[in-house]
Amino acid sequence: MAFPIIYPAVSGPGRLLEICSFRRSSIPESRVPPSFLYDEIFNGITAKSSQFPISRQTLSGRKTSKEERDITVLIADWTSAQEKDIFEPGPEYQGIKPAFGELVDAENPTFACHHIILPGLAVTPEAGRYVAEFFSVSGLQQGEFARKLREHVESLVTDAMPIFFHAAPSRENAEVVVAVSGWKSGVNADAYMAGVSKKFQEAVKSICTEVVGYQADMKKWEASQ
């Protein structure tokens, strides 16, 4: 099977990984600290969603570039695609959507969301820095692309190896391959993005029409937040 690509390979129940990003809204502030209302709404939504029977974990944070620090990034680990497809149309899931909409800048949302089906780990590992890459590859070219991507991951030298590297086609658009990786630190992620990742993109430019990537500082959401 060409996809998914899982490093390191481990046995486990697997998961449906959802990664989304959006520009934060300017919610009117009435209390201190300035982010109180935004955080209050976000924590309220996540407290509810964490109780869903399909929920395993939520990671949240922001993009690291200075130009995009107002972009929130979320990773949600769900039990499976099948179970989420059944649960999502129901009242509990739909009930959090209005509040979630308050978090997104309505005029310039820059909203993006992808789901990928992954075997192995039940949750996304914690890391010092996360990297998300989105490769536009036609279905006819994905076999070759997967082979090159697998070789790319396996060829990383030990010191530059990620904590994990997971890649699969998006459920929203099968011609977008989503790669999510975790690194020990921002230094490691910066080195990867500036060096090895660029070389890989150059090697696959004949079969990959577009690449979008970013880094994010994220942490696991806890009920005490």
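What you see is a predicted model; the values in this text were computed from it and never measured.
Between the side chains of Ser181 and Trp183, at least one donor N or O lies within less than 3.5 Å of an accepting N or O. No donor-acceptor contact under 3.5 angstrom links the side chains of Thr46 and Asn43, judged on distance only. Side-chain atoms of Arg15 and Thr124 form a donor-acceptor pair, as typed in the model, at a separation below 3.5 Å. Residues His115 and Glu172 have side chains that bring a donor and an acceptor to within less than 3.5 angstrom of each other. Side-chain polar atoms of Glu133 and Ser197 form a donor-acceptor pair below 3.5 angstrom. In this structure, a donor-acceptor pair under 3.5 Å is absent between the side chains of His152 and Lys199. Using a 3.5 Å distance cut-off with no hydrogens or angles, the side chains of Gln82 and Ser80 do not pair a donor with an acceptor. When only modelled atom types and interatomic distance are considered, Trp78 and Glu83 share no side-chain donor-acceptor pair under 3.5 Å.
The side-chain heavy atoms of Met193 and Lys198, taken from C-beta on, include no pair separated by under 4.5 Å. Ser21 has its side chain within reach of Tyr214: a pair of non-hydrogen atoms, C-beta onward, lies under 4.5 Å apart. Between Ile117 and Arg171, the closest side-chain pair of non-hydrogen atoms falls below 4.5 Å.
Hydrophobic clustering (ILVMFWY, side-chain heavy atoms < 4.5 Å, transitive): Leu17 and Leu59 are in one cluster. Hydrophobic clustering, with ILVMFWY side chains joined whenever heavy atoms are under 4.5 angstrom apart, groups Val204 together with Leu149. Hydrophobic clustering of Ile, Leu, Val, Met, Phe, Trp and Tyr side chains at less than 4.5 Å, counting indirect connections, unites Tyr192 with Ile5. Note on Tyr130 and Met161: separate hydrophobic clusters, where clusters join Ile, Leu, Val, Met, Phe, Trp and Tyr whose side-chain heavy atoms are under 4.5 Å apart, directly or indirectly. Transitive grouping of hydrophobic side chains (ILVMFWY, heavy atoms separated by less than 4.5 Å) keeps Ile116 and Val131 in distinct clusters.
Between Phe52 and Tyr93, the ring planes lie tilted relative to each other; the angle falls in the 30° to 60° range. The aromatic rings of His166 and Phe164 sit tilted, their planes meeting at an angle between 30° and 60°.
Residue Val123 shares its hydrophobic cluster (ILVMFWY side chains chained together at separations under 4.5 Å) with no other residue.
Counted within 6.0 Å of CD on Glu107, heavy atoms from surrounding residues, nucleotides or ligands total 12 or fewer; the atom is thus considered open.
Here the closest heavy-atom approach between residue Phe134 and residue Val176 is recorded as CB-CG1, 4.1 Å. Nearest approach of Val73 to Met218, heavy atoms of both residues: O-CE, 3.3 Å.
The side-chain tip of Arg23 does not point at the ring of Phe111 from less than 6.0 angstrom away and within 45° of straight on.
Between the side chain of Gln142 and the backbone N or O of Val137, at least one donor-acceptor pair lies under 3.5 Å. Remark: side-chain polar atoms of Thr64 are not paired, donor with acceptor, to backbone N or O of Ala216 under 3.5 angstrom.
Using a cutoff of 4.0 Å between basic side-chain nitrogens and carboxylate oxygens, Arg24 and Asp70 are not scored as salt-bridged.
The aromatic ring centres of Phe145 and Phe200 sit less than 6.0 Å apart.
For the salt bridge (charged side-chain N to carboxylate O under 4.0 Å, His left out) condition, the pairs that include at least one residue of residues 200-210, sequence neighbours left out, are Glu202-Lys205.
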